[in-house]
**Q** 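There's a structure below that I have some questions on.
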Amino acid sequence: MPLNQIISEIRNRQRIKPSAPDVPTAVWTGYDNHKGKRIDTLTIIFKTSGCWWGNQGGCSMCGYVYDSSQNPPSYEDLKSQLQKAMEKASSLEEFMVKIYTSGSFLDENEVSTDVLKYILQALNQDKRVLKVVAETRPEFVTDDTIVKCRNMLKDTEFEIAIGLETSSDIIRRDSINKGFKFSDFIKAAQIAEENDVTTKAYLLLKPPFITEGTAIDDMEQSIDDIVPYANNISINLCNVQKGTFVEWMWQKGQYRPPWLYSIVDVLKKSKQKHPETIITSDPVGAGSKRGPHNCYKCDQDIANAVRRFSITQNINDLDFKGQTCGCFQLWKKVVKLDEYTYGAFIVDRMMQ
Amino acid sequence: MPLNQIISEIRNRQRIKPSAPDVPTAVWTGYDNHKGKRIDTLTIIFKTSGCWWGNQGGCSMCGYVYDSSQNPPSYEDLKSQLQKAMEKASSLEEFMVKIYTSGSFLDENEVSTDVLKYILQALNQDKRVLKVVAETRPEFVTDDTIVKCRNMLKDTEFEIAIGLETSSDIIRRDSINKGFKFSDFIKAAQIAEENDVTTKAYLLLKPPFITEGTAIDDMEQSIDDIVPYANNISINLCNVQKGTFVEWMWQKGQYRPPWLYSIVDVLKKSKQKHPETIITSDPVGAGSKRGPHNCYKCDQDIANAVRRFSITQNINDLDFKGQTCGCFQLWKKVVKLDEYTYGAFIVDRMMQ
Amino acid sequence: MTKHFEVEQRDGKARLGKLILSRNLKTPCIINIEDIGDTEKLPIIDAGSVWKQGKHIFENQYLNQLRQKVSENNLIILPHQNYPYNVPDKAVSNATGNYDIETSGATGSVFHPGKKVKNSDLYIMEGGGGLENNARQFFNALKGLKEEIPHDTAVYVPNIALPENLAMLIYLGADVFDYTRATISAYNDIYLTSSGKFYLYNITELPCRCDACTSVTVDDLKLMDAENRGIILEEHNKNMLDSELSLVREKIRKGYLREYVEGQCRTQPWLTALLRIADFDQCYLEEQFPTTRTVQLTANTSESLNRPEITRFAERVQNRYTPPKKDILLLLPCSARKPYSTSNSHQKFIDTLGQYRKYVHELVLTSPLGIVPRELELTYPAAHYDIAVTGHWDADEVEWVTDCLVNYLSKNKYSCVVAHVEGAYQKVCDLAARKLGIDIVYTCESDVTSKESLEVLKDTIKNLAYERTQPKPMSKHNLMRAIADYQFGKGAGNILVPDDAVIKAPYPKHQVYLNKEQIATLVPHHGTLSLTARGAELLIPHDNYVVKIGSFVPKGSILAPGIQEADVSIRPGDEVLISGENAIGVGRALMSGREMEKSTRGIAITLRHVKKT
Amino acid sequence: MTKHFEVEQRDGKARLGKLILSRNLKTPCIINIEDIGDTEKLPIIDAGSVWKQGKHIFENQYLNQLRQKVSENNLIILPHQNYPYNVPDKAVSNATGNYDIETSGATGSVFHPGKKVKNSDLYIMEGGGGLENNARQFFNALKGLKEEIPHDTAVYVPNIALPENLAMLIYLGADVFDYTRATISAYNDIYLTSSGKFYLYNITELPCRCDACTSVTVDDLKLMDAENRGIILEEHNKNMLDSELSLVREKIRKGYLREYVEGQCRTQPWLTALLRIADFDQCYLEEQFPTTRTVQLTANTSESLNRPEITRFAERVQNRYTPPKKDILLLLPCSARKPYSTSNSHQKFIDTLGQYRKYVHELVLTSPLGIVPRELELTYPAAHYDIAVTGHWDADEVEWVTDCLVNYLSKNKYSCVVAHVEGAYQKVCDLAARKLGIDIVYTCESDVTSKESLEVLKDTIKNLAYERTQPKPMSKHNLMRAIADYQFGKGAGNILVPDDAVIKAPYPKHQVYLNKEQIATLVPHHGTLSLTARGAELLIPHDNYVVKIGSFVPKGSILAPGIQEADVSIRPGDEVLISGENAIGVGRALMSGREMEKSTRGIAITLRHVKKT
C-alpha cells in the first residue's frame, strides 16, 4: 500500500472536534431514481466507531473518517440516532433510506449485530420505506451478513453500495489506497445477487496523480467493466476534503479537482453505451475551489444539468448553454496536454 | 569669449615637453596646386614664442600652442631653423614655401622684424622659390606689415593665409573662440589685395557643438561668403588634438570628428558653384579615431580622393568606389538626425 | 501655465499623460524626430539652431511668422544654441544665443541648467543622450531640470532611448524620447533588445518575433546590402523600443514599474547605478511615490531595501508612531502570510500568550520593512510585501533591521525586552542589545513554534506579568490611534479617537464613532483610515494633509487649478482633508502636495465626502 | 551511453546541444508536446502511463512492438507511473509501475529520486512544473536529477516553461521544455511576456510586436470568442517563449547568461530565490563555470558577490597563492581601469613609490573580488569586471572584502601593514584591523591621489625602508610563479619557473624559458599561462589538471570517449595537461574534468601542443 504511511501521518496531524454520540453525523432528504422514477430519499449518516480501513490509514481522498465518534457509540446511542433521523422523514409518504456510516454498515465491529438488527427491523416495520441502501466495503459482504439483512428486511428492497472507485486495480491501489481489488467487488456483487440484493457501485472521477484525460477514460472503462455486476452506478467527483492526502497535494498546487465538463463527457458516452444501467452523479461542492469546477462562471449550469440527468437518465439533459462558455476550449486543451505533464499536472494557477 | 576660461584651464593642465629652440617644429615637402598646376612645396613650421591668442586661451581645437618654445628663440635660433628647413628642399628645382609658426608670422612679438626680414630676403634670394605663403591672424595684416613683406620678396609671389575657420561670427566666437570677426578677415584680405598679395583662407569643418549637417552647411555658406576675398580656400577637417577643448569633449563622448563623406559633399557642391576658386583639403589623420573618419574601412579610399581633388580640382576625382561602402547610409542618417540631438550629438559608440 | 500637457496617471515619478497638440501624443512616447517640420506626421516643429541659422532667428518676427504658418496646436521648439551638458554654465550663459523670445501656442524649450526657464509645455534636456553611462551626471541633470520646471510639463531626453534603458528613464520622470539611437544603431549593424545590444555579425539567430525579424533569416540579413539591411534592422530596433514602451506603460498602469526597473536595470551598470543614486537621494523619488498600492510590493533585490515605501515606513514608525504604555516589549519574527497575525506561527504565539498578551507590546522584526508594531501590521506595505524566500538574510538586511530596532529602542523605553526569535532575527537582537547595552531575554533556541519554545515564551511572560499590575486589554482605541498617527502625523490619533469615541464592527473593519456620528473607518486592504466629512472637520485644525480650495463646492473630484494651497507632505494615494470657504471634505490625492499647488491641469483629488459649510 | 545527445557549447551549467533523432532537435528547445506520437512533427513518442494503460505495458513485448513501429532515431519515453515530486519516495518505490524495462534506440526516462536510473538519452524531471514557486525544492530536485544522470544526457522539465523563467531554468542546466504553460495560459486569457504575466482584461495595449499581436488590437482581442482569442494568445505566448529561447541561446553563445539571469530573475521572487540558493550551493554551479571568459564580468547586483568566479578567485587567492617574501604590505584601492596598474591612480602610486616600491607587497582591495595581489591583477576576472559605479559600498560588500582581507592576513604575516585608502576601503581596513588586533598605518585622509596623500605615502614607505635591508626587485619570476600557482595549484610555480628560468619579452607578454626551451607564455588577455608541450611535460608529475588518454596521438582536439581519467578540479577554459602512453600535450578544456570522464560524446579538449613520446 504505497500511500498508507503518508496518509496515516496526515491523519495524525488532523485535530478532531468531539461530538455527541447520540446524534447522527448528518441526515437529509432528497431525490433519487428508482426504477426509472423519481423517489424521495432519506439519507442517514450514522456516527459509529468509524471505518476500520480509514482508522489505519485509509483512502487518499476520504475525509469522512473525521466524522466518526471518538468513543464507540452504544446501542442506545445508535437507537437514538435512528430515531432522530426518522423524524426528518415525518412528512414523506414513500421513500428510500440510504445508510452510511463513514465506514461499512455490514462491519460487525463498527455496527454490532444488535444495532444492525434493530435498525433494519425498524425500517422494515415502517411501511413507507420501499428500499434500503447500505454502504459497505466488499469484504463484509458475506453470505452470513447478507442473509442476516435480507431476513430483517423481508420484502423491503435492499441494495448494498460499494465504493469500488474504479475497475483499475492499479489506480485503486497506488492512487486511492483502497485496500481491496476489483475481484473482491465482483465477489461481493455475486453474493448479493444470489440473495436477491442489488448492488450499487460508487466510482471516483480523478483521484490524485491521475490526469484529466486518464480520469475520464478510467471512468468509461470502469463503467464498461462493472455493468455486468452493478445495476446502479454513481460517480463521485473527487473533491478536496479536510485532512486528506488529496488536500495535502492540493495545498502544494499538485492536485486539481475534476472539470465538470469531464463528468458530462463520461455520462454522455457511458449512458449511450449502457442505456439500461442507471448512471448518476451528484456533483458535491461543484463550483468551489475544493470541489469539481470549470471556470466558476458556468459551474452551476453544468452541475444542474448533471443533477437533472441523474434523475431523468436522459442524455439530452446534458446539453446545456454552459457548454459554450469560454472555458470549454481550455478544458479541451487540458485534457490533451495534462496527459504529458509527467507528474506536474495542470492545476489552476493564480496570476503572479 | 564664452569658452576662453575652460580652454585656459585645459591648457594649464597639459604638460609640455621641452625642445631645442634652434630646430623647427616640423618641415616637410609635398605638392600643391599653383595656378592650375601641381607644384612642389616646402612647408616649414617655425618654432616661435607661440600664438599670442593661443597663449591666453585660444582656439578650442588648436593643439599647436604646445609646439611653441618655452623660451623665445633668438634671432640666431630662427636663422638656424630656416637653414635646417631649406636643407630639405635641396633636391627641389622649383617650389613654393609655406610658412607657419603655430601663430602669426606677421606678429612682431612672435617673429621680430629682423627675423622676418632675414627669412623673406633669404627666400627671395633663392630663385627656386616661386611663391611664399605665410600664415597670420588678420589683426597683423596692416598696410605696414604687408608693404614690409612685399618689399622684401620683391617679385616673388606672396600670399597670406588666414585661419578664418568659418564666415559665421557665431560659430567662430561661441564654438571656436577665435577672437576675431569675419569683417576683420575681409579687411585683411582687402589690404593684401591692394598690395598685390593674395589671400588664402583656412576653413574648419565641424568645430565642437556643431552637428554634422550644420557643419556641412556652414562650409558651403562660408565658401560662398569668402570667394570674393580669397583666391584659395583650404578646408581643415577638425581633429582631436592633445590638450584641447575638443579633446576634452571627445573624451567625454560628446564630440566626433567629421565624416569624410561630409568633406566630399562640401567640395563637390562648392566647386561646382565656384569653379574658378581653388578649394583644397588635406584630410590630416583621416581614418584614425581622433581624425576625420567614416567607418575605418573606406577611409583611406576617400582620403585619397580628397587629396587627388585638391591637386586636380577635378570633381570627377571625388567619385570613388568607397562611396558604395555600407557606412554611406549611416552617414546620411547621421546628417539628418544629428540636427535634432539638442546637444547630445551622434558619436561613435562602442557596443556595451 | 501649460495648456498642452496633462498627466493622467502616475507611478512614482513615472507618468502617463498626453501632449495635447494638433494630434495628441500619448506620453511616454517616442517621436520620429526625422518627421519634425512635417506637421502632418509630427505636430512639432523646430525654430532652429542658432549655430545653423545665425542671428536672424533672434528676432521675434521670425518666430511670429513661423507661428502663423502652423497652428497654435503645433509645438514649436524655440530657437536654441545647444551645448553638451559638460560645457561650463558660464560659457553657455555668455553665448550669443542668450536672448528672450516667446511665442503664443505650444512651445518646447531646450533646458540648460542656470539659464532662465521659459514658459513651455515641453522641456528638452540639453545634451541628454551624451550622459549615457554617467549615472551621477545624468541623475543630477535630470533632477536639476525637473526641479526647475513646472510639474505638469513634459520632459524630452534626446538621443538616448534604447530598449534597455527606456524603463529606467521613464521611471526617473522622462516623458518624450526619439528613435535616433534605434536608427543609428541599425545602420551600425547593432541589433537592440530590451536585454542589451547584439552586433549582428556576432549572432546566429534573431531573438525576436517582430515583423522585421520574421521577414528574413539572420543569414540572409547578414548578406544583404547595407541599405536594405539597415531598413530591416531599423524597423526591428524601432519595434523593440515601441514594444518596451508599451510594456512600461502597462507597468505604470499596474503600479509595478519599480519592480520592473529593479530587474531591467541589470542590463547596464550605469542603469543599476542610476537606481541606487536615485534611491540615495532622499526626496527626488519619495515625493511622488504613492502611500498605498493595489499590488504587492515585491522586494526582490538588495535595492528593494532602499525603495521609498520602505524607508518611508521606517521613518514614520520612528517619528509618527507612539507605542502603547506597556513596559514589556515582545519581539517576534515575521511570517510569510500577511497580516502576520493571520499566520500559523503568530496564531500560535497569540494562543500561547493567552491572557498574558495584554502585558506585552508586540513588535515584528522583518526584512525589508525593519520593524512593524502589531498595530500597523495591516498598513501598507506591512501586509503587502513579497520576498524571495531563502531563509537567509544578507549583511545589509541584518544591518537595516538592526538599525531600525536600535532607533526604536533608543526612543521608546521598556523595562524588559523579550525576543521570541531564532536565526537572523536573533542576530539582529544580539547586535541591537550590544549597541544599546541592554539585555534581551530570549525564549527559544531554534524552532519558534516548537512546543518547548512556546512553553518558555509562556512561562517568561507569565513570570514577568506576576510582578506587574494588570494593564488594560489591548485596546481598539490604541490600534486606531496608532494608524491615525502613522497616516496623519503625531497627534491625529488623539483627535480622531478620543477616549469617549466608540469603536464599532469587528477587527479589521473597525469604525470610529463620536457622539453617534461616524468619524473614520479602518480600510483593511490598505490598513489606513478613511474619514467621514465629520472626521475631516475634526482633523483640519491639526493642519496636516490639508488642501485649501477656493469658494466653490467641489463634486466628484478637484482639479489642480482649483487648489490654493496643499500640504507638502501629501503623497499620491494619501487621504487628504479639503478645506474651503464653502465646503470641507475628504478625498484621495492623485498627486503630491507640491504638484497640486504647481499644476495647472489634471485631477488632483478624487473626493469621497463633501459637506457644505 | 548516449548516442542521441551531444553538448556543443557550455556557459556554466547551461549548454547548447542537440538531440540526434530522426529530426535533430537543437537544445535548449521547447517541444510541442501535443505533437507527441506524430513522429513527422516530433521525433518523440510516449510508451504511456501505467495509470492509463494498466499492466500490459509492463511487458517488454509491448515496447518492442512500439520500437518496431518507429525507427531507432525516434525517442521513446519509457513507460512511467508519474507522481508529483512531494510524494514520499517510499510510496513511489512501492508502486505498481516499478519494473525494469529497456529498449534499443533513443529513449527517455521519467526520473524520480531514489528510483533506479535507466540508461537514457533524455531524462524527464518528474513533477517539474509542480515545483514552480518553491525554489528550494525545485533546486534540490534538479540537482538530485543532474547528479544521478550522465552529463551528456538531456534534461526535460515538463509543464513549467514561461518566458519569465526560461533563462533561469536553462542556467540551472535544463535542456528541454514544452509549450504547455504557454497554451494553458493563453486559454486562461493570460498574456505572457519575459517580464511577467498580464491578464488580458487588465491591459490596454499589447506590449509585443509579434505576428499574433500585430494581427489584432487589444480591444478586438478582448471581444473575440474564446476559441479565436485563445488561438491568438497561444500564438503570442509561444512566440514569446521562442523569442526568449533564442535570446538565451545567444546569451550562452556570448558567455553572458549569468549576467542576464541576475536581472531576469527579478520577475518572480522564486526565481531570485533560485539564483541565491544555487549560489549558496558550493559545487553545483562552480564545477561547470569557466575559468576565463572573453567577455567582461558585470557585477551588477548584490548576488554578483556570490557568483562562482568571484568565490573561486577568493578561494584560490587564499589557498593557492603564495605572496613574495616582503614584510611590508601596502593596501591600495581598486581603479575603474583594468589592469589596475594602467590606471591613472595606480600610475601615481607607482611613480610615488619609485625606488621604494620593491620594499612593499601590493594588495588591491576591491568589490566584488575582495583582494587582488598585484601579481594576479591580469588574471581573470581581476582585469575583467565591470560594476555600477556609485562610490558606495553596501554592508555585504564591506563584509565580504573585510572577510577576504582578514583571511589573508591571518595566513600571511607582515611586520607592517600600510593602507593608502579612503572611504569604504578604510572602513574595511578598520574592521579587519580590529578583528585581527593589528595596527594599520594610514597614509591618507581623503583623496588618495592628492599631492599631500602621495607625499605621506612616500614618506611612510621611505621611513620603513630605511629600517630594512634592500630586498630583491619585484621579480618577474615571482609574478609568473604566482600566476602558475593560482592556475595549477600550489607548487606549480616552482616547477615551471625555477630560479634558473629565463623570463623573456616585456610585461605583460612574459615568456618562460628553461635551458633555452620555451616552457610557458603569459597570455595578457586572461592573465593565465599557456604552456608548451615541454611545460606540460614538466608539470604532469605535479598531478593537477592532468587528463589521461589512451594509446593514441591526438590531433586538433580530444573527444570525451578518448579520455580515461581527468582531474576533477578541471573547469571549462582551463589549461590542461594531456598524458598518454604515446603522447603528452597541452590544451584547453571545454568541459569539467568529471564531465570528461563521464561523457560519451563531444569535444572535451582543444589541443594546442602535442608531442609524441
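Residue numbering restarts at 1 for every chain, and letters A, B, ... go by the order of the sequence lines.
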**Q** Using non-hydrogen atoms and a 4.5 Å limit, figure out which bit of Cys265(D) sits close to chain C: side chain, backbone, both or neither.
**A** backbone
**Q** Counting heavy-atom pairs under 4.5 Å with chain C, which one of Thr193(D), Leu245(D), Asp242(D) comes out on top?
**A**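 Of Thr193(D), Leu245(D), Asp242(D), Asp242(D) has the most heavy-atom pairs under 4.5 Å with chain C.
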**Q** Quick one: does any side-chain atom of Glu250(C) pair with a main-chain N or O of Thr204(D) as donor and acceptor, under 3.5 Å?
**A**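 Yes, the answer is positive, given that a donor and an acceptor are paired below the 3.5 Å cut-off.
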**Q** Is NZ or CZ of Lys254(D) both nearer than 6.0 Å to the six-membered ring centre of Phe198(C) and within 45° of the ring axis?
**A**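 The answer is yes, since Lys254(D) meets both limits relative to Phe198(C).
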**Q** Assess whether atom NZ of Lys222(C) is packed by more than 12 heavy atoms of other residues, nucleotides or ligands within 6.0 Å.
**A**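 It does: Lys222(C) NZ has more than 12 such atoms within range.
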**Q** Which one wins on heavy-atom pair count under 4.5 Å against chain D: Arg209(C), Arg266(C), Arg136(C)?
**A** Arg209(C)
**Q** Who wins among Ala299(D), Cys208(D), Ser195(D), Ser194(D) for the most heavy-atom pairs under 4.5 Å with chain C?
**A** Ser195(D)
**Q** Would you call Arg253(C)-Glu205(D) a salt bridge at under 4.0 Å N-O?
**A**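 Judged by the 4.0 Å cut-off on N to carboxylate O distance, Arg253(C) and Glu205(D) do form a salt bridge.
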**Q** For chain D, find which of Met240(C), Glu303(C), His392(C), Glu262(C) contributes the most heavy-atom pairs closer than 4.5 angstrom.
**A**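 It is His392(C).
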**Q** Hey, which residues of residues 395-405 of chain D are touching chain C, say heavy atoms under 4.5 Å apart?
**A** Ala395(D), Asp396(D), Glu399(D)
**Q** In terms of heavy-atom pairs under 4.5 Å with chain C, which of Asn202(D), Leu247(D), Leu274(D), Ile387(D) leads?
**A** Leu247(D)
**Q** Go through Tyr260(D), Trp270(D), Tyr256(D) and name the one with the most non-hydrogen pairs under 4.5 angstrom from chain C.
**A**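 Of the candidates given, the most pairs with chain C belong to Tyr260(D).
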**Q** With only heavy atoms counted, which part of Ile203(D) is less than 4.5 Å from chain C, the side chain, the backbone, both or neither?
**A**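 Interface part for Ile203(D): both.
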**Q** What part of Asn134(D) gets closer than 4.5 Å to chain C, counting heavy atoms only: side chain, backbone, both or neither?
**A** neither
**Q** Between CG of Asp394(C) and CG of Asp394(D), what distance do you get to the nearest 0.5 Å?
**A** 7.5 Å
**Q** Give, as side chain, backbone, both or neither, the part of Thr301(D) having an atom under 4.5 angstrom from any heavy atom of chain C.
**A** both
**Q** For the candidates Lys251(D), Gln264(D), Glu259(D), which exhibits the highest count of non-hydrogen atom pairs separated by less than 4.5 Å from chain C?
**A**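 When all of Lys251(D), Gln264(D), Glu259(D) are compared, Lys251(D) has the most.
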**Q** If we check side chain to side chain contact (heavy atoms under 4.5 Å, CB included) with Asn300(C), which of these qualifies: Thr267(D), Thr272(D), Leu271(D)?
**A**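 One option only clears the test, and that one is Thr272(D).
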**Q** Considering all heavy atoms of both residues, which atom of Ser243(D) and which atom of Pro207(C) are nearest to each other, and what is their separation?
**A**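 It is OG-O, 3.3 Å.
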**Q** Side chain, backbone, both or neither: which part of Thr298(D) has a heavy atom under 4.5 Å from chain C?
**A** side chain
**Q** For atom NZ of Lys143(C), decide whether the heavy atoms of other residues, nucleotides or ligands shown that lie under 6.0 angstrom number more than 12.
**A**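 Above 12, so yes.
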**Q** What are the two closest heavy atoms between Pro269(C) and Ala388(D), and how far apart are they?
**A**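 Result for this residue pair: O-CB, 3.3 Å.
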